[in-house]
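Heads up, the thing below is written out as structure tokens.
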Protein chains: 2
Amino acid sequence: MAKTNYTRYIILGFLTYRPLSGYVIRKFVERSIAYFWQLGNGQIYPTLNRMVKDGVVSMHKESSDIGPDSKVYSLTEAGRKELDEWLKIPEYEESFRSPMLLKLFFGNRATRDILLEDLKTFLKETREKQAVMEIFEKNYRQIMDENPEHVYMYLTVLRGKMWYGTNIKWAEQAIKTLKSAK
Amino acid sequence: MAKTNYTRYIILGFLTYRPLSGYVIRKFVERSIAYFWQLGNGQIYPTLNRMVKDGVVSMHKESSDIGPDSKVYSLTEAGRKELDEWLKIPEYEESFRSPMLLKLFFGNRATRDILLEDLKTFLKETREKQAVMEIFEKNYRQIMDENPEHVYMYLTVLRGKMWYGTNIKWAEQAIKTLKSAK
DNA sequence: GAGTCCATGTAAGAGGTTACATGATTTC
DNA sequence: GAAATCATGTAACCTCTTACATGGACTC
């Protein structure tokens, strides 16, 4: 069995909202699922072309008042079906990769200062991300209370908030521990 | 710039302990860094061959009382240097990928039951992993108290414990929320 | 004699990353 | 006139995944 092409399912997923261009899909990814999935141009555009060939999306050109023309993609019936089939497959395994932890694991006194620098940057960036997530979480909670249909999105945001929160706590402790250990 | 070959650095890292076979390296990975980095045979063995060619490790055969002969790899000076160079590069970005969150995000009433099943399996497995981590964390804390050199490993274990703990809390809440939302 | 562990790998093919390229329009 | 945003894409590379293959030794 081949490697699963998640890019394809993500595109299909966003196209259930409404027809979108590759550019807009990228923006959507960045503004919603970025903390647990990223997509670059090198993935989106070739995949989109492939999907047209496979008949899971259709494309039409649209001229815009601002900026150049864009290619807008719509979900076809075949696409909708492919997405639904995928949603039915159980899948609970996740992957987490951290070069920083690798360096910590193989680290020693000689690398302590570099690690401390990394941890500080990590802490700073994580705090910023968490501040954004915090706002998201509140908004989504309200949206969910009004419209229970959005419980699914809310739960992904909640995870993000919790994830960043834990990272902050860990980084704070790690910095403290490393500083005191000479 | 090309994608970083972390497999290579992980192997170099473990070889600083003592000379090891590919098989043993895999066991080490599984028993220590698996929660934030995994390696399969398809990565370890070809990389090891490549590393011999590049002169960063050397290989000699060893016959064993139990089981077949094994190829044992040792770190060369060039390898030690390559590892040290890498340890100096600052790097704090991490990647987290979750197909389950993708499915949650694009999920709806129709997929609720599948999602609930996934979440329950996820919760069960995460609890098991956390139980192991809990023991690790206690052991490492003690080791660290006796020998501060091990603070680096301790902090990676601590992160694992916290990571699993958060996942458990989130999964419990997600199940509760999904169940109550009909 | 079945199952598990030790121990080595290979083949095929994607998926993904990084970097570069192009050009229009809007804003300061 | 510079910078930012809109918008599309390609090239090269290679890491990683998945699956398969082989065989000895030990244990129940």
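Predicted, not measured: the structure shown is a model, and the values here were computed from it.
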message: Restricting to ring-ring contact (aromatic ring centres under 6.0 Å, His included), what partner residues turn up for A/Y6, sequence neighbours left out?
response: A/W37

query: Got a sec, which pairs hit ring pair (Phe, Tyr, Trp, His ring centres under 6.0 Å) with one end in residues 106-132 of chain B, sequence neighbours left out?
result: A/F14-B/F106

message: Could you tell me how far apart B/Y6 (OH) and C/dG16 (P) are, to the nearest whole angstrom?
response: 17 Å

- request: Have a look at B/Y73 and say if it touches a base, only the backbone sugar-phosphate, or nothing, with a 4.0 Å heavy-atom cut-off.
  value: sugar-phosphate

- request: Identify, residue by residue, the members of residues 20-55 of chain A with a heavy atom below 4.0 Å from DNA chain D, and return them in order of residue number, or none.
  value: A/S21, A/G22, A/Y23, A/N41, A/G42, A/Y45

Would you give me the side-chain donor-acceptor pairs under 3.5 Å for residues 96-104 of chain A, sequence neighbours excluded?
from, atom 1, to, atom 2, distance (Å)
A/S98, OG, A/L101, N, 3.1
A/S98, OG, B/E94, OE2, 2.7
A/K103, NZ, B/I89, O, 2.6
A/K103, NZ, B/E91, OE1, 2.7

statement: Applied to residues 70-95 of chain B, the ring pair (Phe, Tyr, Trp, His ring centres under 6.0 Å) test, sequence neighbours excluded, yields B/Y9-B/W86

query: What is the distance from CZ of A/R8 to P of C/dA14, rounded to the nearest Å?
result: 12 Å

- prompt: For the helix from C/dG1-D/dC28 to C/dC28-D/dG1, how many degrees between its two end axes (five pairs per end), to the nearest 10°?
  reply: 40°

- prompt: For A/T166, what residues pass the side-chain hydrogen bond (donor to acceptor under 3.5 Å, both in side chains) criterion, not counting sequence neighbours?
  reply: B/T166

- prompt: Do the side-chain N or O atoms of B/T7 get closer than 4.0 angstrom to the phosphate oxygens (OP1, OP2) of D/dT15?
  reply: no

message: On the nucleotide D/dC16, are OP1 or OP2 found under 4.0 Å from the side-chain N or O atoms that B/K3 carries?
response: no

Rounded interatomic separation in angstrom, taking NZ from A/K61 and C1' from C/dA24: 16 Å

field: Any A/I114 side-chain heavy atom under 4.5 Å of B/L87 side chain
entry: no

message: In whole Å, I'd like the distance from the CD1 atom of A/I10 to the P atom of C/dG15.
response: 13 Å

- prompt: Should A/E85 and A/K88 count as an ion pair when the cut-off is N to O under 4.0 Å?
  reply: yes

message: Can you list everything that forms a side-chain hydrogen bond (donor to acceptor under 3.5 Å, both in side chains) with A/D54? Sequence neighbours excluded, please.
response: A/R8, A/R50

message: Restricting to side-chain hydrogen bond (donor to acceptor under 3.5 Å, both in side chains), what partner residues turn up for B/Q142, sequence neighbours left out?
response: none

message: Please give me every residue in residues 83-107 of chain A whose heavy atoms get under 4.0 Å of an atom in DNA chain C, ordered by residue number.
response: none

field: Residues in side-chain hydrogen bond (donor to acceptor under 3.5 Å, both in side chains) contact with B/T7, at least two apart in sequence or another chain
entry: B/Q43

Can you give me every donor-acceptor pair (side chain of residues 27-35 of chain B, partner residue at least two apart or in another chain, under 3.5 Å) with its distance?
from, atom 1, to, atom 2, distance (Å)
B/E30, OE2, B/R26, NE, 3.4
B/S32, OG, B/F28, O, 2.6
B/Y35, OH, B/T156, O, 2.4
B/Y35, OH, B/G160, N, 3.0

